[in-house]
Amino acid sequence: MGISTLDDLTVEDATVGVRVDINSPLTADGRLADDARLDAHVGTLDELLDRGGRVAVLAHQGRPGGDEFAGLEDHAARLDEMLEYPVAYCDATFSAEARDAIAALDAGEAVLLENTRFYSEEYMEFPAEEAAETFLVDRLVPAFDVFVNDAFAAAHRSQPSMIGFPPRLPSYAGRVMERELDVLGHIEETPRPRVYALGGAKIADALDVAESVLERDLADQILTSGMTGNAFLEASGVWIGDPSHDAIVDRDATAIDDASALLEEYGDRINVPEDVAIGRDGERVEVAVEDLPVDQPALDVGDRTIAAYADTFETAGTAILNGPPGVFEEERFAKGTKEVFAAATRAEYSIVGGGDTAAALRRHGIEGFDHVSTGGGAALRMLTGDSLPAVEVLRR
Ligand code: ADP
Ligand code: MG
């Protein structure tokens, strides 16, 4: 793939700067609520340490002004427990204090540097050559021998810590990055028929993916659900009712027109829900398309849709999923997510991606996918065939 991996790197005694994505949900009092993102990088970090590296880890958490903007002390303590090697925490990112902490590392020791987004440059997007001259990169380059990027989930961002090191240091993809590129970069080689299930609430992104995979003949069927499914349902000429309509238009003013255009051109390959679930008196009530509109928002797909989609997966070579089919956070609207996702694992080969999608899998204990992507936005960008800036700089 033209990208060097850890197989190409001599780690022993090298000081390795490693960018990971451990941006995680936090509790109300700012503690780590979920360590799945940390867990994903354990393999890369343990391997580098096991091979005698001195490892300095860069990561971000939240965004300035947001609820989940926080330091990484908790993340470091958790990584220290999860890894076979010690992980210290340094409350600086690239100052003299940070560089001293890196210089003090022995082989087989790691330090997690402070949230890169505490520095304003890290919240800007740059061309690689300019990112390479930012303070963060300029001051850390002398402290590192090599750079490893394992942060696939942030690979669509042109921020200094993501793209600034490769122009200046020998750079490698970590194991998470390598596996994601192996899988998501070779969709066209997966078995057919290839079925894409697009749900969730990012309607515009789902429409982009649908258009791209239909245009490039990568998709044999598209199964729509979630708010995306509601938009396609309305585009197919079914009036769902004001609450669902308003929710769609609120998210994406052109969604229904865009969905109509896709139905017009590729209608035979796009499946829309046959029924929906709404809430009434605290209960789940299913409403068939023939009985629409309803005056409550459609928050899940119903049994008929679930059965139809499950049938399609039964004979699918590949299932590719993004976005939950319903509001899985509420038990009565989780049925579509649980059953459609479980059915998708029966395809010969199955891939799933997305932040909330991965949370839905964990919450409902859904297992059996061949690949669970760590990336939301990055995975979607790859599904549309776009390149990712942090991957492009590794390719040079
Ligand atoms: P991902 O993070 O996996 O890419 P999205 O962010 O696009 O997925 O969508 C996740 C959200 O979509 C979830 O919070 C879920 O509650 C919501 N959702 C799913 N179906 C519906 C629906 N019919 N109406 C409103 N929200 C929905
Ligand atoms: Mg999401």
Side-chain angles (χ1 to χ4, degrees), residues 21 23-25 34 36-37 62-63 66 68 152-154 156 184 196-210 223-235 238 240-252 255-256 259 272-279 284-287 289 292-294 296-302 305-306 309 320-341 344 351-364 366 369 371-384:
D21 189 337
N23 185 33
S24 301
D34 179 326
R37 277 276 175 86
R63 56 184 70 200
E68 298 193 330
F152 173 76
H156 54 315
L184 298 172
Y196 287 74
L198 303 176
K202 294 196 303 288
I203 313 174
D205 287 341
L207 287 163
D208 281 347
V209 172
L223 311 178
T224 67
S225 61
M227 285 184 77
T228 302
N230 293 350
F232 274 101
L233 192 55
E234 188 173 331
V238 175
I240 330 175
D242 282 316
S244 294
H245 170 84
D246 294 347
I248 296 163
V249 175
D250 221 37
R251 286 248 161 195
D252 178 8
I256 294 161
V272 303
E274 295 176 27
D275 52 4
V276 299
I278 58 164
R284 169 191 177 94
V285 174
E286 297 196 359
V287 183
V289 281
L292 291 172
V294 278
Q296 283 94 357
L299 299 179
D300 195 12
V301 290
T305 310
I306 293 169
Y309 288 4
I320 299 168
L321 277 67
N322 182 270
V327 180
F328 68 88
E329 297 90 341
E330 251 193 90
E331 201 49 47
R332 64 191 164 137
F333 301 120
K335 186 175 191 194
T337 301
K338 286 194 267 193
E339 299 194 1
V340 171
F341 279 16
I351 301 172
V352 62
D356 292 291
T357 300
L361 300 183
R362 287 196 297 279
R363 182 183 174 121
H364 296 294
I366 305 163
F369 285 95
H371 180 68
V372 179
S373 176
T374 54
L380 283 167
R381 283 273 292 268
M382 283 202 73
L383 291 180
T384 55

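First listed ligand is number 1; within each ligand, the first listed atom is number 1.
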Task: From CA spacing to verdict: side-chain contact (heavy atoms from CB on, under 4.5 Å), Y196, I351 - done: CA-CA 10 Å; Y196 287 74; I351 301 172; over 6 Å; no
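- Residue N230 approaches ligand 1 through these ligand atoms, each under 4.0 Å from one of its heavy atoms: 23 (N).
- The side chain to side chain contact (heavy atoms under 4.5 Å, CB included) test applied to A344 returns F313, A319, L321, F369, not counting sequence neighbours.
- In this structure, G199 does not count as a contact residue of ligand 1, since none of its heavy atoms falls inside 4.0 Å of the ligand.
- Expressed to the nearest 0.5 Å, how far OG1 of T228 lies from CG of L198 amounts to 7.0 Å.
- Atom 15 (C) of ligand 1 has as its closest protein heavy atom E329 OE1, 3.6 Å.
- Listed by first and then second residue, the side-chain hydrogen bond (donor to acceptor under 3.5 Å, both in side chains) pairs that reach into residues 352-364 are D34-R362, sequence neighbours excluded.
- In this structure, A298 has a heavy atom closer than 4.0 Å to ligand 1.
- Protein heavy atom at the shortest distance from atom 27 (C) of ligand 1 is V327 CG2, 3.6 Å.
- Nearest to atom 1 (P) of ligand 1 among the protein's heavy atoms is K202 NZ, 3.5 Å.
- Under 4.0 Å from ligand 1, not a single heavy atom of D205 appears.
- Contact annotation for L380 and ligand 1: no heavy atom of the residue comes within less than 4.0 Å of the ligand.
- Near G326, meaning under 4.0 Å from one of its heavy atoms, ligand 1 places the atoms 15 (C), 18 (N), 19 (C), 20 (N).
- At a cut-off of 2.8 Å, measuring from the Mg ion (ligand 2), the protein N, O or S atoms that fall short of it are D356 OD2, waters left aside.
- Here the straight-line distance linking atom CG of L223 with atom CD1 of I320 works out to 11.5 Å at 0.5 Å rounding.
- Surrounding CZ of R251 are at most 12 heavy atoms belonging to other residues, nucleotides or ligands under 6.0 Å away.
- Distances below 4.0 Å separate heavy atoms of G355 from the following atoms of ligand 1: 1 (P), 2 (O), 3 (O).
- For atom 22 (C) of ligand 1, the nearest non-hydrogen atom of the protein is M227 CG, 3.6 Å.
- The ligand atoms of ligand 1 that sit less than 4.0 angstrom from a heavy atom of P324 are 8 (O), 9 (O), 10 (C), 19 (C), 20 (N).
- Within the listing of ligand 1, atoms 7 (O), 9 (O), 12 (O) sit less than 4.0 angstrom from a heavy atom of G200.
- Ligand-side atoms of ligand 1 in range of L299: 23 (N), 24 (N), range being under 4.0 angstrom from any heavy atom.
- Note: E329 CD to T337 OG1 = 8.0 Å, rounded to the nearest 0.5 Å.
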TODO: Decide side-chain contact (heavy atoms from CB on, under 4.5 Å) for N322 and L380; before the verdict, give the C-alpha distance in whole Å, the side-chain angles of both, and the deciding distance to 0.1 Å.
DONE: CA-CA 8 Å; N322 182 270; L380 283 167; 3.6 Å; yes
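- Contact atoms of ligand 1 toward N322: 4 (O) (distance under 4.0 Å to a heavy atom of the residue).
- Here the CD1-CD distance, from I248 to E234, works out to 5.0 Å after rounding to the nearest 0.5 Å.
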Identify all side-chain donor-acceptor contacts of residues 202-209 below 3.5 Å with residues at least two apart in sequence or on another chain.
none

